[in-house]
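This report refers to the structure that appears directly beneath it.
Per chain, numbering begins at 1; letters A, B, ... match sequence-line order.
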Number of protein chains: 2
Amino acid sequence: MTTRTETLPALAEVFREHGYAGTSLALISAATGLGKGSLYHLFPGGKAEMAACVIEEIDAWFEANLYRPLREQDPPERAISKMFESVERYFRSGRRVCLVGVLALGTSRDLFAEAVRSYFVRWVDALAVALRRVGHNDAASAALAEEIVAQIQGAIVLARALDEPALFTRALATLRSRVATAAG
Amino acid sequence: MTTRTETLPALAEVFREHGYAGTSLALISAATGLGKGSLYHLFPGGKAEMAACVIEEIDAWFEANLYRPLREQDPPERAISKMFESVERYFRSGRRVCLVGVLALGTSRDLFAEAVRSYFVRWVDALAVALRRVGHNDAASAALAEEIVAQIQGAIVLARALDEPALFTRALATLRSRVATAAG
DNA sequence: CCATCTTTGTACCGATCGGTACAAACCCGC
DNA sequence: GCGGGTTTGTACCGATCGGTACAAAGATGG
């Protein structure tokens, strides 16, 4: 007996690796060790439902581990610092791709438009709240938050393209120091 | 009679829209108006060759319109400014995706690893050269160049995710002013 | 106007796609 | 250990995949 939640990490990894279009049921079956029977028992909606569940879990993880602390945790500086730590760990120093980012670039964006949108809106907003709590004015917070999230996404692209994970770590360090000096 | 070069723009658009895995010969046929016969006549290597040709053309375009000016054109400030203009236009204010970036995120990266790597390495390097020519020291130039290219890629992701092209334009404006003030 | 060579549409190939049907294997309360 | 509901493997579906074969159609040189 296998539960949905147990399969989600493997599912997520497959979707990250191959994108939505590139992920076949054969790949999913291999990655999870489950036959089609089990897969369609767990996810009657097929591939689309699997992807939706994966996104939902990712979203929940970010909400609990990043967004909420950014909005609520004191001191905000610490929440921001934790965010960078979590991001570094979650994306495996740029070796792991952001599934939501990948979906945003593809045609599959239409299928998951609202989830993709919400993920990024809430990330940017939560970060802006934290920056405001640190002492920035509204406009600067919003702008910097946008810039930071974009920089993280871009660093993933670049780190993968150059096959140079250090670039990702470096980008995060730069962002950290930028937040620190801007806050001073 | 149709030449290879004539089909490349349509081909590029399809690959951008659907990614490598998501692009089927049926889509290609529809986008180019060419049957399989013609397609395989022009590109005996099939899908892989088509994508390779598209990348090559994109690469050549960036080399001629961005990289070379960044390295050679005087004054460098003008070359950098032109780069931002070209990027804004080329990526249609973030409505159009960067194919090379998309490939970098997917499994197809392996197929085109060297081309993808070279595209970004040369972009970063050319921009670093320009920044050095403006007066930055070596380390600062390299770091800023990396940051700018990553920011552009990330802004594309974010602009698409939020369906908000203005975000892309805004990101470019911020980068411009950052280059300007850093240069002062 | 014909012979030749290039370009194109179409029919077809085996493989694989996402998805369904369903019976065997399994687990459970009893 | 037996009956009933759940979980799973497998065979199969039509559609589509990337790619090939090939003959009709178009252009080209004489």
Side-chain angles (χ1 to χ4, degrees), chain A residues 1-57 99 102-103 105-113 115, chain B residues 1-57 99 102-103 105-113 115:
Chain A
M1 171 170 127
T2 318
T3 147
R4 268 205 215 210
T5 347
E6 289 173 326
T7 73
L8 288 183
L11 274 179
E13 223 40 58
V14 179
F15 280 119
R16 264 189 278 263
E17 278 279 325
H18 301 88
Y20 184 72
T23 298
S24 67
L25 287 188
L27 281 172
I28 294 175
S29 202
T32 58
L34 266 46
K36 288 192 182 187
S38 319
L39 287 173
Y40 274 87
H41 176 67
L42 293 171
F43 304 95
K47 213 170 101 165
E49 187 179 350
M50 298 180 204
C53 282
V54 166
I55 297 175
E56 196 186 321
E57 205 203 30
L99 175 58
V102 170
L103 292 177
L105 291 178
T107 326
S108 36
R109 182 186 65 139
D110 307 333
L111 256 171
F112 310 107
Chain B
M1 174 169 123
T2 318
T3 150
R4 271 208 215 204
T5 349
E6 288 172 328
T7 72
L8 288 183
L11 275 179
E13 223 41 57
V14 179
F15 280 119
R16 263 188 279 263
E17 277 278 324
H18 300 89
Y20 184 72
T23 299
S24 67
L25 287 187
L27 281 172
I28 295 175
S29 202
T32 58
L34 265 46
K36 286 192 183 189
S38 320
L39 287 174
Y40 274 87
H41 176 68
L42 293 172
F43 304 95
K47 213 170 102 167
E49 187 178 348
M50 298 178 204
C53 283
V54 166
I55 298 176
E56 197 186 320
E57 204 201 35
L99 176 58
V102 170
L103 293 177
L105 291 179
T107 327
S108 37
R109 181 187 64 139
D110 306 334
L111 256 171
F112 309 107

Problem set entry | Separation between CG of Leu42(A) and OG1 of Thr7(A), rounded to the nearest 0.5 Å | 6.0 Å
Exercise. Going by heavy atoms closer than 4.0 Å, what residues in residues 22-30 of chain A are next to DNA chain C?
Worked result: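 By residue number: Thr23(A), Ser24(A), Leu25(A), Ala26(A).
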Exercise. For residues 32-50 of chain B, which residues have at least one heavy atom under 4.0 Å from DNA chain D?
Worked result: Lys36(B), Tyr40(B), Gly46(B), Lys47(B)
Exercise. Whole-Å distance between dT16(D) C1' and His18(B) NE2?
Worked result: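 That distance rounds to 15 Å.
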For this session: Sequence neighbours left out, what passes salt bridge (Lys or Arg N to Asp or Glu O under 4.0 Å) with Glu49(B)? Give chain and number order.
Result: Arg4(B)
Seminar exercise, completed: For Ala21(A) and Gly22(B), the nearest pair of non-hydrogen atoms, with its separation, is CB-CA, 3.7 Å
Seminar exercise, completed: Minimal heavy-atom distance between Cys53(B) and Phe43(B), with the atoms involved, is SG-CE2, 3.8 Å
Problem set entry | For Val54(A), all residues meeting side-chain contact (heavy atoms from CB on, under 4.5 Å), sequence neighbours excluded |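 Checked Val54(A) against side-chain contact (heavy atoms from CB on, under 4.5 Å); matches are Leu8(A), Leu11(A), Ala12(A), Phe15(A), Ile58(A), Leu99(A).
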For this session: Using ring pair (Phe, Tyr, Trp, His ring centres under 6.0 Å) as the criterion, list what pairs up with Phe112(B), not counting sequence neighbours.
Result: Tyr20(B)
Donor-acceptor pairs are to be reported for all side-chain atoms of residues 26-39 of chain A against protein atoms at under 3.5 Å, with residues two or more places apart or in another chain.
from     : atom 1 : to       : atom 2 : distance (Å)
Ser29(A) : OG     : Leu34(A) : O      : 2.5
Thr32(A) : OG1    : Ile28(A) : O      : 2.8
Thr32(A) : OG1    : Leu34(A) : N      : 3.2

Problem set entry | Pairs touching residues 8-19 of chain A that satisfy salt bridge (charged side-chain N to carboxylate O under 4.0 Å, His left out), sequence neighbours left out |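 Passing the test, one end in residues 8-19 of chain A: Glu13(A)-Arg16(A), Glu13(A)-Arg96(A).
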